Amino acid sequence: MSNLMRSVLTKRIIQNPLLQYIAVRNHWNKDFKPAKYPETEQEKLAAAKKYYLLPEEYKPYANDGLGQGDYPKLDDGLGVENKDSYYPYDFPEHKRNFNEPLSADYNLYSEDRYSQAEKPRYSSIYYLSCFLGVMTFSFLLYGFLEDKKMFRPVLPKQYPGSGEKHYTFD
Amino acid sequence: MGNAYALYTKPDVTPNPENKPSFDPNFGFEGKPRKERVMIATEAEMVSAMLPLEDRDYCAHKLLKYRACRADVFPWLYKCHHDKHEYLTCEYEDYILRMKEFERERRLLERQKRINKKQAASE
């Protein structure tokens, strides 16, 4: 934010008591904190509505004392990197829409952090069997060809002094 | 190379390149026996020149001559071109001899097989 914009904003806020109230009384850390873990059905509905989720989509974290409270446990998916780059997002730089629920681990999955680019095309067992198949074939081939080395059509080099006689073809 | 294939498919008539000739060297040369190869360089010379074991073959005397020439005329090594050429020709001919030995072995194996077959048919 440029200094000019900042000074204009400050001026407006000071002049307008309503803006002053919003600026001072909101957006504190406590306002970002999740509420307590929802126990009843009523509380769950309220929490779903608060996080802009359908009631059937809403699923809180386990109440294990880690302080997630009523924050929804979202399917983290494949991270921001895998989101469509051409969709007209409200915030294109984060590929995020206004009021779109965020994963609790959003700071991990943003594009400059943890990359979980794409789902593998085939299952892991398929990849493993491909690898083992190729390696097994290679080793079998290696074993089969072990005693079938290529050579030039010559007999061993003749060295004197071994006691045996060598002859020319003259 | 086709030799490996031949050794695999026809092991009875293809000589193994790691084995020495199995037939009598003078077989078929009864009228005019083959000349024996002569080793000219002596063991003491080769030891003195610290010649590697793989170079102590029937061309060793030419190699010794070439090395001596190099030591004598250094740095005018081009003066040894003749000795070098002689040595390399000797090694080339040694290789040709090995090729001929292989071919002789192969043909004798073929002949042996032919004879055995004829014998088996007549019995």
Side-chain angles (χ1 to χ4, degrees), chain A residues 76-79 81-85 109 111-170, chain B residues 1-9 11 14-29 32-43 46-47 51-61 90-108:
Chain A
D76 290 328
L78 294 166
E81 191 180 336
N82 202 43
K83 282 184 161 184
D84 185 3
S85 302
Y109 289 102
E111 271 187 316
D112 57 340
R113 295 297 156 100
Y114 186 68
S115 172
Q116 203 184 3
E118 272 178 62
K119 268 189 184 134
R121 185 170 174 185
Y122 303 110
S123 64
S124 299
I125 194 83
Y126 178 83
Y127 287 118
L128 182 69
S129 50
C130 279
F131 170 73
L132 290 180
V134 169
M135 293 309 277
T136 312
F137 174 74
S138 306
F139 277 108
L140 286 180
L141 198 65
Y142 178 81
F144 173 70
L145 295 174
E146 181 64 13
D147 57 345
K148 296 169 189 64
K149 299 275 166 69
M150 293 197 285
F151 63 94
R152 288 177 175 177
V154 290
L155 288 192
K157 196 170 165 70
Q158 299 171 351
Y159 283 102
S162 57
E164 61 184 312
K165 292 175 176 173
H166 300 121
Y167 298 89
T168 65
F169 279 92
D170 298 332
Chain B
M1 277 192 263
N3 302 307
Y5 182 73
L7 188 62
Y8 178 59
T9 52
T14 309
N16 190 317
E18 288 175 10
N19 296 346
K20 287 177 175 167
S22 56
F23 293 93
D24 174 22
N26 273 312
F27 176 74
F29 290 84
K32 187 178 162 235
R34 292 166 75 184
K35 275 186 202 157
E36 207 173 308
R37 296 188 81 183
V38 194
M39 181 61 182
I40 295 167
T42 63
E43 185 74 21
M46 294 191 293
V47 169
L51 216 56
L53 290 183
E54 65 263 29
D55 288 339
R56 299 187 183 186
D57 54 7
Y58 287 99
C59 299
H61 60 288
C90 178
E91 286 290 354
Y92 168 76
E93 274 164 4
D94 185 70
Y95 197 84
I96 297 286
L97 187 76
R98 288 167 64 194
M99 289 166 75
K100 283 181 179 173
E101 287 283 5
F102 182 94
E103 185 61 18
R104 175 170 185 267
E105 179 80 5
R106 195 186 67 75
R107 290 185 192 192
L108 285 176

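Lettering follows sequence order; numbering is per chain, from 1. Every heavy atom of this structure was used, including side-chain atoms; hydrogens, water molecules and symmetry mates were not. All values reported here derive from a predicted model rather than from experimental measurement.
Neither the backbone nor the side chain of Arg106(B) has a heavy atom closer than 4.5 Å to any heavy atom of chain A. Contacts between Asn16(B) and chain A at a heavy-atom distance below 4.5 Å involve the backbone alone (N, CA, C, O). Contacts of Met99(B) with chain A are made by both backbone and side-chain atoms, with heavy-atom separations under 4.5 Å. Contacts between Lys148(A) and chain B at a heavy-atom distance below 4.5 Å involve backbone atoms as well as side-chain atoms. Both the backbone and the side chain of Leu97(B) come within contact range of chain A, each with at least one heavy atom under 4.5 Å from a heavy atom of that chain. Interface residue Leu53(B): only backbone heavy atoms are found under 4.5 Å from chain A.
Around CZ of Phe29(B), the count of heavy atoms belonging to other residues, nucleotides or ligands within 6.0 Å exceeds 12.
Of the residues considered (Glu103(B), Lys100(B), Glu36(B), Met39(B)), Glu36(B) shows the highest number of contacts with chain A, using heavy-atom pairs under 4.5 Å. Of the residues considered (Glu43(B), Glu54(B), Glu93(B)), Glu54(B) shows the highest number of contacts with chain A, using heavy-atom pairs under 4.5 Å.
Using a cut-off of 4.0 Å between Lys/Arg side-chain N and Asp/Glu carboxylate O, Lys83(A) and Glu111(A) are scored as not salt-bridged.
With Asp57(B) contributing its side chain and Pro160(A) its backbone, the two residues share no donor-acceptor pair below 3.5 Å.
The OH atom of Tyr95(B) lies 10.5 Å from the NZ atom of Lys157(A); values are rounded to the nearest 0.5 Å.
A donor and an acceptor atom, one from each side chain of Tyr58(B) and His166(A), are located under 3.5 Å apart.
At a threshold of 4.5 Å between non-hydrogen side-chain atoms, the residues Tyr8(B) and Thr14(B) do not count as touching.
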